[in-house]
Structures are given as C-alpha cells and as structure tokens.
J.: 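Let me begin by handing over the structure; questions about it come next.
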Amino acid sequence: MDDDPLWWPVGRLVGAYRSGSLSPAEVCELALTRIAEVNPTLHAYVLPTPELARRQAAEAEAAYRDGTAGPLAGVPVSIKDAFHIEGHVTTLGSLAHADDVAGHDSGAVRRLRRAGAVFVGKTNVPEFCQSATTDNLLGPDTANPFDPRRTAGGSSGGAAAAVASGTCTVGLGSDGGGSIRIPAAFCGLVGFKPTFGTIDDDGGFRAFSPFISAGPLARCVADAYSLHSVLAGVVTQNQDRMSPHRPAGLARHRIAWCAKPEGRPVEVNVAEAVIAAVAELGARGHEVNPVELDFGGWEEIFSPIVLAEEGERRDHLLGGPHELTWYHRRSLEAAQQLDPAVLAAAHSALAQYRERVDRYFGDYDVIATPATATTAFELGCRPAMIAGQPVGRLWGAFPFAVPFNVTGHPAVVLPVGFVDGLPVAIQLVGRHGGDAELLSLAEELEALLHVRPFNGPLPRRSAP
C-alpha cells in the first residue's frame, strides 16, 4: 500500500503536503471513502464527521499555502467517543447519551485541532469505557481488521480498528486500565500510555480518574510520538522534528524481562513471539535480565477506586429510562454494595504500591512483559482457559496492562509478530517522565523486527 497516502506515516504525509505533491483535501476524501467501505464490517466509527473533516482539510491547505501549518495539519485523525468535539454527539457508548451534543472541545481535542489535524470521525467505545472489549447497545461490536470475527479489544477498540484498517493515519485513545494498549496489541499497532498526569483532557469525560491518560494509537512509533507530542504540548507550529530520540549516554538499557508477571498463564505461541523480540534487544547490546517482579495487589486497589467513582458519577442511571449494558449495570450495582472500608484500604495501599513498583527502576531502566496473554479472541467469547489453566473472565486475557495504570508509569506496546495471522505484542514500561526514552527504545525494537501492520483490503468475511 505504499502508493496509498492513507498508509503513509505522518512525516511522509506532511512532507507531501508541504511540497505541494499532495493535498489534505485529497487525503480527506480517501479517508472518508475508506470509512464507508470498511465500517459496515468493523463498526469502528459510531459517528463519521465528513463535513467537519472537509472543512478542516480546506483550512489545512490554506495553512500550507501561507506558511502557518501546524505539526499535524491535514493528517486524518480519529477521535475516541470519550472525547468531546464541539457541535458533535459524544455518546460515551451509552443510550443515555446517544443524542448529547458537546458544547465544547475537550482538552485533547483542542490541542489536536490547534495542530491542524483533520477529524474524520468518532470511534466506538464500550459503555462509559467500562470494558476491555468494544461492545455496547448502540450497535454491533467493533471487530478486528485481521479477522472481523474477533474482537478489536477495548475500550479504545474503535480507535484501534480505525487505524489498523487504514481509515485514518493515527487515532486518539485513552487508557485507564489498558484501554489503549490492549486494542493496540490485538490490532497490530503501537499504543502508548504516557506518564500519568502529563496530559489532561480538561473539560472532558471523567472515569478512571487516578489512572487514566489520553494517548495515541498508530502504525509506527514515530507516528505515536507525533500525536503524543501534540497532546503533551511539546511541539509548536512548524516544528519539523516529530520522532523520539535517545538521550545522550543511554545507548544501553537494563531491561527487566518478566515473562509471566504474577505467574499468570500466557499462550505458548504468544510467549514464544515475545521472547524472540526480547532476544533481539539482548543481541543489540541491551542488558536483559529474566526476573520475577512482584506486581501483586493492583486488583485490590484498582477495582474499588474505579467502582466508587463510577457509582458517584453515574449511579442515577440505575432505574432510569435508558437500558444499560449488563456489564455497566453490574458495575453500578457493585458500587452500591462497596464496603467503605475496602475503598479506604485501596486508597491507603495506592501510594505504597506505586512506591514498591517504582523502586524496581533503581535497578532497571525498562520493564518488559507480554502485552496480552492471548491473541484477539472471537467476539463475545472471552477465554476461560489460557495455556491449559483457568483464568478469570475480567482480566484473564489481558492482565499485564493495569498494574502500570495503578503506578502511573509510561507504557508502550508494539507488534512483534503474528500467531495464526493475528498480531502479538510486547509491552515496555519506563520510568516516570521517561516517555521519550521509552519510545526511543520501542522505535529501536520496531526497526529490528520489521513487523508490518495490516495494510490490505479486509478479508472477504463479515462479523456475525
């Protein structure tokens, strides 16, 4: 697909705009056409925004002519439907908000708009982002471009499917419990959760508040960095350099390789693919140390705090006029029954947990784990067994992301290969504030592996 600008990285696309060999309007129309082709199968978008996209593309063309183009001018970007775009509906994946028109841009959207991005549509989410698969009552489940019979993950599943299927260059997601990294892993993408607190979606939807960050889903590390740089406010108008670069003196990393954190099972073929990727880092000269680090205790912290906030903000929906998904109803009911002592214990344990995990970075620069325990599973069929061992329905397939929401460390996933045609990914976790260093290592590994994302027409089959 090298001749199709929808598959070009941000740098090449912006370069073509600046040279005048390609126009944002042309690429906008390609994106809108592609959405119309694949969305009936994938259900990645809950709301395409063609009028807005065409207007923004025209503004980008004018900005290139007069020399005021921002760093993402003319770049097609999808917006997760947990962010507000002024004048457009924000459903939050819920019938209760199916007609709610946003009166303002939320913070992340505002920064992307200033950078010149072209918003091609709002991408699908589970109800109030409360699931690691993207299913709600607004329409069919979001499907995986590699196999539409399988899940794209969640809660940024629509964003992942949108980027992986070539409808946009990059996607805006959010990660409060793996919600960028899980769908990125399932869809063969780079997904980045920045250091907690470095990006605030001011004026936006609130859930997972002590743990969440906006972040990118992209087909390469450099594109993830481009979107992250804009979200974090570290680039300005006309800044050319949009790729991570290793700080001086950090050419060799001390990597803690955790093959099965907390002893949790990983499918054999998934584990083998990730082990091979870690071996590449060792061969490159990095110090790779197979270790067992103690990440236990995150569930007892994460679940009560998330449930308490959900109950506080949305308890009024129980008994209301709108039908709720079974999983969100269950969350609200669990919030009503939450023991205050359990919640107090979770808050008390939070700081200690963060300090405990942070101490590992005294000995290591990066922690590496599998991104998920399985490849993408069939829609509606979360695995009960992994590698011959029973696992819980809630976190069994993807238990490795949430600990680093609880700690707030930056974490990135990137594809390392395929099992039966489905992507497998590794997770790399860095020090607080070490986002650029972490992305630099991810970019190095990406170059070593040469794993190409999905970049062809959808298979001739549809989700059930």
J.: Assign the ring pair His97 / Phe128 to parallel, tilted or perpendicular, where the plane angle (0 to 90°) is split at 30° and 60°.
T.: perpendicular

J.: Scan Asp105, Asp200, Asp201, Asp202 and name whichever one has a salt bridge (charged side-chain N to carboxylate O under 4.0 Å, His left out) with Arg110.
T.: Asp202

J.: For a quick test of reading the model, state the closest non-hydrogen atom pair linking Asp100 to Ala96 and the distance between them.
T.: OD2-O, 4.1 Å

J.: Tell me whether Tyr353 contacts the main-chain N or O of Ala346 through its side chain, where contact means a donor paired with an acceptor under 3.5 Å.
T.: no

J.: Does Asp339 CG have over 12 foreign heavy atoms under 6.0 Å away?
T.: yes

J.: State whether the side chain of Asp141 and the backbone N or O of Thr151 hold a donor-acceptor pair below 3.5 Å, judged by distance alone.
T.: no

J.: Verify, without hydrogens or angle tests, whether Ser303 (side chain) and Glu300 (backbone) share a donor-acceptor contact under 3.5 angstrom.
T.: no

J.: Using 30° and 60° as the class limits, which term best fits the ring planes of Phe398 and Phe377: parallel, tilted or perpendicular?
T.: tilted

J.: Ignoring hydrogens, what is the shortest heavy-atom contact between Leu227 and Pro216? Give both atom names and the distance.
T.: CD2-CB, 3.4 Å

J.: Verify, without hydrogens or angle tests, whether Asp223 (side chain) and Val10 (backbone) share a donor-acceptor contact under 3.5 angstrom.
T.: yes

J.: Name all pairs fulfilling the side-chain hydrogen bond (donor to acceptor under 3.5 Å, both in side chains) condition that reach into residues 403-430, sequence neighbours left out, sorted by first residue then second.
T.: Asp175-Asn405, Arg181-Asn405, Arg181-Gln427, Asp358-His409, Thr369-Gln427, Thr407-His409, His409-His432

J.: Less than 4.5 Å apart, side chain to side chain, heavy atoms only: is that true for Phe211 and Phe302?
T.: yes

J.: Using atom types as modelled and distance alone, determine if a side-chain donor or acceptor of Ser348 lies under 3.5 Å from a backbone N or O of Ala344.
T.: no

J.: Restricting to non-hydrogen atoms, name the atom on Trp326 and the atom on Arg393 that form the minimum distance, rounded to 0.1 Å.
T.: CH2-NH1, 3.6 Å

J.: Strictly distance-based, threshold 3.5 Å: is any side-chain N or O of Ser23 a donor or acceptor partner for the main-chain N or O of Glu26?
T.: yes

J.: Between NE2 of His228 and OG1 of Thr198, what distance do you get to the nearest 0.5 Å?
T.: 5.5 Å

J.: Can you give me every donor-acceptor pair (side chain of residues 156-164, partner residue at least two apart or in another chain, under 3.5 Å) with its distance?
T.:
residue, atom, partner, partner atom, Å
Ser156, OG, Lys80, NZ, 2.9
Ser156, OG, Ser174, N, 3.3
Ser156, OG, Ser174, O, 3.2
Ser156, OG, Ser179, O, 2.9

J.: Check whether any side-chain heavy atom of Arg150 lies under 4.5 Å from a side-chain heavy atom of Leu422, and answer yes or no.
T.: yes

J.: Applying side chain to side chain contact (heavy atoms under 4.5 Å, CB included), run through Leu332 and Leu307 and close with a yes or a no.
T.: CA-CA 7 Å; Leu332 294 179; Leu307 284 174; over 6 Å; no

J.: Any side-chain heavy atom of Asp81 sitting closer than 4.5 Å to one from Asn124?
T.: no

J.: Under 3.5 Å, is there a donor-acceptor pair linking the side chains of Thr374 and Thr372?
T.: no

J.: Begin from the C-alpha positions of Leu293 and Cys258 and carry the test side chain to side chain contact (heavy atoms under 4.5 Å, CB included) through to its verdict.
T.: CA-CA 7 Å; Leu293 303 180; Cys258 303; 3.8 Å; yes

J.: Any side-chain heavy atom of Asn136 within less than 4.5 Å of one from Pro126?
T.: no

J.: Yes or no on salt bridge (charged side-chain N to carboxylate O under 4.0 Å, His left out) for Arg55 and Glu51, after CA distance, side-chain angles and deciding distance?
T.: CA-CA 6 Å; Arg55 185 169 69 251; Glu51 292 183 7; 5.8 Å; no

J.: Can the ring centroids of Phe400 and Phe295 be said to lie less than 6.0 angstrom from one another?
T.: no

J.: On a heavy-atom basis, which atom in Ala82 and which in Val125 lie closest, and how many Å separate them?
T.: N-CG1, 4.4 Å

J.: When rounded to the nearest 0.5 angstrom, what distance separates SG in Cys187 from CZ in Arg219?
T.: 12.0 Å

J.: Pick out which of Thr123, Thr49, Leu112 makes a side chain to side chain contact (heavy atoms under 4.5 Å, CB included) with Ile79.
T.: Leu112

J.: Under the criterion side chain to side chain contact (heavy atoms under 4.5 Å, CB included), I'd like the reasoning laid out for Leu172 against Val109: C-alpha separation, chi angles, the key distance, then a yes or no.
T.: CA-CA 9 Å; Leu172 173 64; Val109 170; 4.3 Å; yes

J.: At what distance, to the nearest 0.5 angstrom, does OG1 of Thr375 lie from CG of Asn144?
T.: 9.5 Å

J.: Restricting to salt bridge (charged side-chain N to carboxylate O under 4.0 Å, His left out), what partner residues turn up for Arg12, sequence neighbours left out?
T.: none

J.: How about Phe119 and Arg113: do any of their side-chain heavy atoms sit closer than 4.5 Å?
T.: yes

J.: Nearest 0.5 Å, please: how far is CD in Gln336 from CG in Asp315?
T.: 4.5 Å

J.: Could you verify whether a donor N or O on one side chain and an acceptor N or O on the other, from Thr195 and Asp435, lie under 3.5 Å apart?
T.: yes

J.: Is any side-chain heavy atom of Tyr225 closer than 4.5 Å to a side-chain heavy atom of Phe192?
T.: no

J.: Using the side chain to side chain contact (heavy atoms under 4.5 Å, CB included) rule, take Arg264 and Ile386 through it: C-alpha gap first, then chi angles, then the decisive distance, then the call.
T.: CA-CA 9 Å; Arg264 295 178 185 260; Ile386 294 175; over 6 Å; no

J.: Using modelled atom types and a 3.5 Å cut-off, is there a donor and acceptor pairing between side-chain atoms of Ser78 and backbone atoms of Gly121?
T.: no

J.: Between Leu13 and Pro5, is there a side-chain heavy-atom distance shorter than 4.5 Å?
T.: yes

J.: If we ignore hydrogens and angles and just use 3.5 Å, is the side chain of Glu437 paired with the main-chain N or O of Gly434 as donor and acceptor?
T.: no

J.: What residues form a ring pair (Phe, Tyr, Trp, His ring centres under 6.0 Å) with His104, not counting sequence neighbours?
T.: His84

J.: For this output row, return yes or no: ring centroids of Phe205 and Phe83 closer than 6.0 angstrom.
T.: no

J.: Between atom CZ of Phe186 and atom OG1 of Thr134, what is the distance when rounded to the nearest 0.5 Å?
T.: 11.0 Å

J.: So, the side chain of Arg111 versus the backbone of Val230: is there a donor-acceptor pair under 3.5 Å, distance only?
T.: no

J.: Just checking Arg206: does its CZ atom have more than 12 heavy atoms from other residues, nucleotides or ligands closer to it than 6.0 angstrom?
T.: yes

J.: Could you grab the distance from atom OG1 of Thr90 to atom CG of Asp99, nearest 0.5 Å is fine?
T.: 12.0 Å

J.: Counting distance only, does the side-chain N/O of Lys193 pair as donor-acceptor with the main-chain N or O of Val412 below 3.5 Å?
T.: no

J.: Suppose we screen for ring pair (Phe, Tyr, Trp, His ring centres under 6.0 Å). Which residues come up paired with Tyr45, at least two apart in sequence or across chains?
T.: none

J.: Of all heavy-atom pairs between Leu449 and Pro415, which one has the smallest distance, and what is that distance?
T.: CD1-O, 4.1 Å

J.: Under a 3.5 Å threshold, yes or no: a donor from one side chain and an acceptor from the other, between Glu127 and Ser94?
T.: yes

J.: Going by the rule salt bridge (charged side-chain N to carboxylate O under 4.0 Å, His left out), which residues pair with Glu86 if we only count those two or more places apart in sequence or in a different chain?
T.: none

J.: Could you pull out the closest heavy-atom pair between Ser165 and Val38, with the gap in Å?
T.: OG-CG2, 4.0 Å

